[in-house]
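Notes for the one structure printed next.
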Amino acid sequence: MEKLLEILNDIDDSIDYETETGLIDNHIFDSFDIIQLVSAIDDEFDVSVDASLLVPENFNSAQAIYNMIESLK
């Protein structure tokens, strides 16, 4: 989770990722942020985020993103 938080902070360090649960629903992340995040996840965690996984439920919070990564390992 720590490495994921580092990646997220590289994208936008003004967000409290430990408590935010609406990164997509509240329009905090835009499509460019998601593309950047998916690319970093692919590189850092050696997983492939399929297009079918690009749904708000998987990207609304750091915990949701982390759970998705864990399920891909």
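- Every pair passing salt bridge (charged side-chain N to carboxylate O under 4.0 Å, His left out) that includes a residue from residues 58-73 is listed here, sequence neighbours excluded: Glu70-Lys73.
- Note that NZ of Lys3 and OH of Tyr66 are 14.0 Å apart. Values are rounded to the nearest 0.5 Å.
- The stretch residues 55-65 participates, sequence neighbours left out, in no salt bridge (charged side-chain N to carboxylate O under 4.0 Å, His left out) pair at all.
- Atom-to-atom distance recorded for Ile15:CD1 and Ile28:CD1 is 5.5 Å, nearest 0.5 angstrom.
- Applying the side chain to side chain donor-acceptor pair (under 3.5 Å) rule to pairs touching residues 32-50 yields Asp50-Ser52, sequence neighbours excluded.
- Sequence neighbours left out, the pairs with a member in residues 8-17 that pass side chain to side chain donor-acceptor pair (under 3.5 Å) are Asp12-Ser14, Asp16-Thr19.
- Put simply, Met68 and Val55 are part of two different groups of oily side chains (I, L, V, M, F, W, Y) that touch within less than 4.5 Å, one to the next.
- Between Leu72 and Val49, the closest side-chain pair of non-hydrogen atoms falls below 4.5 Å.
- Listed by chain and residue number, nothing satisfies the side-chain contact (heavy atoms from CB on, under 4.5 Å) test with Ile35 (two or more places apart in sequence, or in another chain).
- In this structure, the side-chain contact (heavy atoms from CB on, under 4.5 Å) partners of Asn67, at least two apart in sequence or on a different chain, are Gln63.
- Using a 4.5 Å heavy-atom threshold, the side chains of Val38 and Leu53 count as separate.
- Between Leu23 and Ala62 the shortest heavy-atom distance is CD1-N, 4.4 Å.
- Looking at Ile7, Asn58, Asn60, Ile41 one by one, the single match for side chain to side chain contact (heavy atoms under 4.5 Å, CB included) with Ile65 turns out to be Ile41.
- Going from atom CD1 of Ile69 over to atom CG of Leu4 covers 4.5 Å, rounded to the nearest 0.5 Å.
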